[in-house]
**Student:** 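Handing you this structure, nothing more for now.
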Amino acid sequence: MGIRNENTGLEHEQYTPDFADYWDDLVGWKKREEGEGGFYERLLGASNCETVADVACGTGYHAITLAKNGFKVTASDGSENMVRKTEENAKQMGVTLQGTKVVDWVKASKDLGEETFDAIICLGNSFTHLFEHEARRDALEELFKVVKPGGMVVIDHRNYDSMLEHGYSSKHNYYYSGKGVDAYPAELNRYLARFEYVFPDGAKFQLKMYPLRQDYVSHLLEDAGFINVVRYGDFEKPYDRDEVDFIQQVAYKP
Ligand code: SAM
């Protein structure tokens, strides 16, 4: 496991070139597309968003899917390995992205070159990678700057509330639906969720995450200046707080 960068909370080293290669097997693009059922396309389309920055692009699933659906997408990630993988996947699938960049959320306005977007998306349980409250606050303040007035931000994260209160269970229907991949928390407490990912060939990786509570994330969004926070559970609203695997939080810039 890598050493955490104390300034940004980034754990770039967690996504080694090896893990970046395995990530697509973990994600299972086809099943993920079926599970999401066009949720993000509808959400962004309903707010007339055209330009989108996927600031945690990983291997590019959302950036590429949205670009295929007509959005102008800039894909960025704090991990250079992931950005390169997104570029490879986009090329292989014949999809044009507006740009690809290595961008750390806590320096987003600088790293993205002062550009602003109709929507910022930070999906696939990415925001959980920041371990300090100050880093989360600074990251959202930076992301606020790169959203156009009237634009939106979308963050999703695991339903840690339910995991902490009732223990872990997952339907694996929506996110890590890759064939034969097992993802489970090897360690779980109020301050740490250490997930292990085991692949059919025996390869094993782990990620350390901060268990984000739903109310806390909504308050962070409001503290950064976003308004009208709306939450979905597994892409639906209303939802059962104890039952859903993932929470999608949507908020707007006045
Ligand atoms: N969104 C992708 C998906 O759903 O498949 C990737 C999700 S992966 C769990 C989390 C991503 O967040 C990684 O690619 C990681 O490099 C990125 N990340 C973590 N901390 C970051 C930071 N401070 N700035 C930018 N990206 C970061």
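Predicted model only: the values in this text are computed from it and were never measured. As the structure lists them, so they are numbered: ligands from 1, and atoms in each ligand from 1.
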**Student:** Salt bridge check, Glu134 against Arg136: does any charged N sit closer than 4.0 Å to a carboxylate O?
**Tutor:**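 Between Glu134 and Arg136 there is no salt bridge, as every charged N stays at least 4.0 Å from the carboxylate O atoms.
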**Student:** Does some non-hydrogen atom of Arg32 fall short of 4.0 Å from ligand 1?
**Tutor:**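 Judged by the 4.0 Å heavy-atom criterion, Arg32 does count as contacting ligand 1.
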**Student:** So which heavy atom on His129 is nearest to which on Lys208, and how close?
**Tutor:**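 Reported closest heavy-atom pair: ND1-O, 3.9 Å.
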**Student:** Look at atom 7 (C) of ligand 1 and find which of Ser126, Gly58, Ala75, Ala108 reaches it with the closest heavy atom.
**Tutor:**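 The residue whose heavy atom sits nearest atom 7 (C) of ligand 1 is Ser126.
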**Student:** Indicate, as side chain, backbone, both or neither, the part of Asp104 found under 4.0 angstrom from ligand 1 when only non-hydrogen atoms are considered.
**Tutor:**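 Both backbone and side chain.
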**Student:** Give me the atom names and distance for the closest heavy-atom approach of Leu188 to Pro185.
**Tutor:**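 Taking every non-hydrogen atom into account, CB-CB, 4.4 Å.
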**Student:** Looking only at N/O atoms, are Met82 and ligand 1 under 3.5 Å apart anywhere?
**Tutor:**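 Between Met82 and ligand 1, no N or O pair is found under 3.5 Å apart.
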**Student:** Below 4.0 Å, non-hydrogen atoms only: which portion of Glu142 touches ligand 1? Side chain, backbone, both or neither.
**Tutor:**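 Near ligand 1, Glu142 shows nothing, with every heavy atom at 4.0 Å or more.
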**Student:** Taking only heavy atoms of Gly124, which atoms of ligand 1 are found under 4.0 Å from at least one of them?
**Tutor:**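 Near Gly124, the atoms of ligand 1 are 4 (O), 7 (C), 9 (C).
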**Student:** Which is it for Tyr61 and ligand 1 at heavy atoms under 4.0 Å: side chain, backbone, both or neither?
**Tutor:**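 Under 4.0 Å from ligand 1, Tyr61 contributes no heavy atoms.
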**Student:** Is there a polar contact between ligand 1 and Trp105, counting only N or O atoms under 3.5 Å apart?
**Tutor:**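 Yes.
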**Student:** Under a 4.0 Å threshold between the charged nitrogen and the carboxylate oxygen, would Glu141 count as salt-bridged to Lys145?
**Tutor:**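 Salt bridge: no.
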**Student:** With respect to Ala56, determine whether any N or O atom, backbone or side chain, lies less than 3.5 Å from an N or O atom of ligand 1.
**Tutor:**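 Indeed, backbone or side chain, Ala56 has an N or O that close.
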**Student:** Would you please classify the geometry between the Tyr210 ring and the Phe131 ring as parallel, tilted or perpendicular, with 30° and 60° separating the classes?
**Tutor:**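 The arrangement is perpendicular - the two ring planes meet at more than 60°.
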**Student:** Of the backbone atoms (N, CA, C, O) and the side-chain heavy atoms from C-beta on, which set of Val103 has a member under 4.0 Å from an atom of ligand 1: side chain, backbone, both, or neither?
**Tutor:**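 The answer is the backbone.
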**Student:** How far apart are the closest heavy atoms of Glu142 and Lys110, and which atoms are they?
**Tutor:**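 Answer, listing the atom of Glu142 first, then Lys110: OE1-N, 4.1 Å.
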**Student:** Indicate whether any N or O donor in one side chain lies under 3.5 Å from an N or O acceptor in the other, for Gln98 and Thr74.
**Tutor:**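 Per modelled atom types, Gln98 and Thr74 side chains form no pair under 3.5 Å.
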**Student:** On a heavy-atom basis, which atom in Leu221 and which in Val153 lie closest, and how many Å separate them?
**Tutor:**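 That would be CD2-CG1, 3.8 Å.
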**Student:** So if I count the atoms of ligand 1 from 1 in the order they appear, which ones are less than 4.0 Å from some heavy atom of His129?
**Tutor:**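 It comes down to these atoms of ligand 1: 9 (C), 10 (C), 12 (O), 19 (C), 20 (N).
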**Student:** Looking only at distance, does Asp77 have an N or O less than 3.5 Å from an N or O of ligand 1?
**Tutor:**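 N/O-N/O distance under 3.5 Å: yes.
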**Student:** Compute the centroid of each ring, for Phe195 and then for Tyr184, and state whether the two points are separated by less than 6.0 Å.
**Tutor:**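 No: the rings miss the under 6.0 Å criterion.
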**Student:** Is there at least one pair of N or O atoms, one from Gly78 and one from ligand 1, spaced under 3.5 Å apart?
**Tutor:**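 Between Gly78 and ligand 1 (N or O atoms, distance only) the closest approach is under 3.5 Å.
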**Student:** For ligand 1, which atoms, with element, lie under 4.0 Å from some heavy atom of Ser79?
**Tutor:**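 Those of ligand 1 that fall under 4.0 Å from Ser79 are 16 (O).
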